[in-house]
Amino acid sequence: MLTSQELIGRKVVCKTIVLKIKIPVILSGKVVDSNGNVISDAIIDVKKLDYNYTPCKITNLGYTISKEDGSYCMRLQKQYKVNYKLCIYPPLIRD
């Protein structure tokens with residue numbers, strides 16, 4: 001969950017995800033503000049943190065954009081000593 005101030009202030013929110021299972025998973029969620037209002041068009045950027053390297057190798061895997069109802073979905077693969085980092089950016093300003 002993001003606070004309204006985090007999005008209004010253009011602050012990036014990042015969360016590291018550790019997959020405990022060994023099979024590919026579908027990660028899904030919903031981007032909402034602190035009042036539970038959905039945030040559409042938020043950008044969810046996905047990075048792979050590979051601890052098999054020193055220093056940790058960070059690879060940008062791509063991004064997805066939250067839908068009109070704030071939902072998003074992506075497929076992630078469990079790998080040895082690899083975590084994922086999701087960075088959520090506010091929607092782009094449109095004219």
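Tyr80 and Ile23 fall into different hydrophobic clusters, where Ile, Leu, Val, Met, Phe, Trp and Tyr residues are linked whenever their side-chain heavy atoms come under 4.5 Å apart, directly or through other members.
Ala42 and Ile88 make their closest contact through CB-CG2, 4.3 Å (heavy atoms, listed as atom of the first residue, atom of the second, distance).
Between Tyr72 and Ile65, the closest side-chain pair of non-hydrogen atoms is not below 4.5 Å.
Annotation: the span from Leu27 atom CG to Leu86 atom CG amounts to 6.0 Å, rounded to 0.5 Å. Atom-to-atom distance recorded for Lys48:NZ and Leu76:CG is 11.0 Å, nearest 0.5 angstrom.
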message = I'd like to know whether Tyr53 forms a side-chain contact (heavy atoms from CB on, under 4.5 Å) with Lys81, so could you lay out the CA-CA distance, the side-chain angles of the two residues, the decisive distance to 0.1 Å, and finally the verdict.
response = CA-CA 9 Å; Tyr53 296 89; Lys81 292 179 70 175; over 6 Å; no
request  = Tell me, with the steps shown, if Arg75 and Val25 meet side-chain contact (heavy atoms from CB on, under 4.5 Å).
outcome  = CA-CA 6 Å; Arg75 181 181 183 272; Val25 297; over 6 Å; no
inquiry  = Determine whether Ile44 and Met74 satisfy the following criterion, side-chain contact (heavy atoms from CB on, under 4.5 Å), listing intermediate values before the conclusion.
reply    = CA-CA 10 Å; Ile44 300 96; Met74 65 191 71; 3.7 Å; yes
Test side-chain contact (heavy atoms from CB on, under 4.5 Å) applied to Asn83 and Lys85, step by step = CA-CA 7 Å; Asn83 295 340; Lys85 184 174 187 177; over 6 Å; no
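Using modelled atom types, one side-chain atom of Tyr84 and one backbone atom of Gln77 make a donor-acceptor pair closer than 3.5 Å.
With sequence neighbours left out, the side-chain contact (heavy atoms from CB on, under 4.5 Å) criterion links Ser71 to Lys67, Asp69. The salt bridge (Lys or Arg N to Asp or Glu O under 4.0 Å) test applied to Lys47 returns Asp45, not counting sequence neighbours.
When the options Ser40, Pro90, Pro91, Ser66 are evaluated for a side chain to side chain contact (heavy atoms under 4.5 Å, CB included) with Val31, the one that passes is Ser66.
Apart from Tyr51 itself, the hydrophobic cluster it occupies contains Leu49, Ile58, where clustering links Ile, Leu, Val, Met, Phe, Trp and Tyr at side-chain heavy-atom distances under 4.5 Å.
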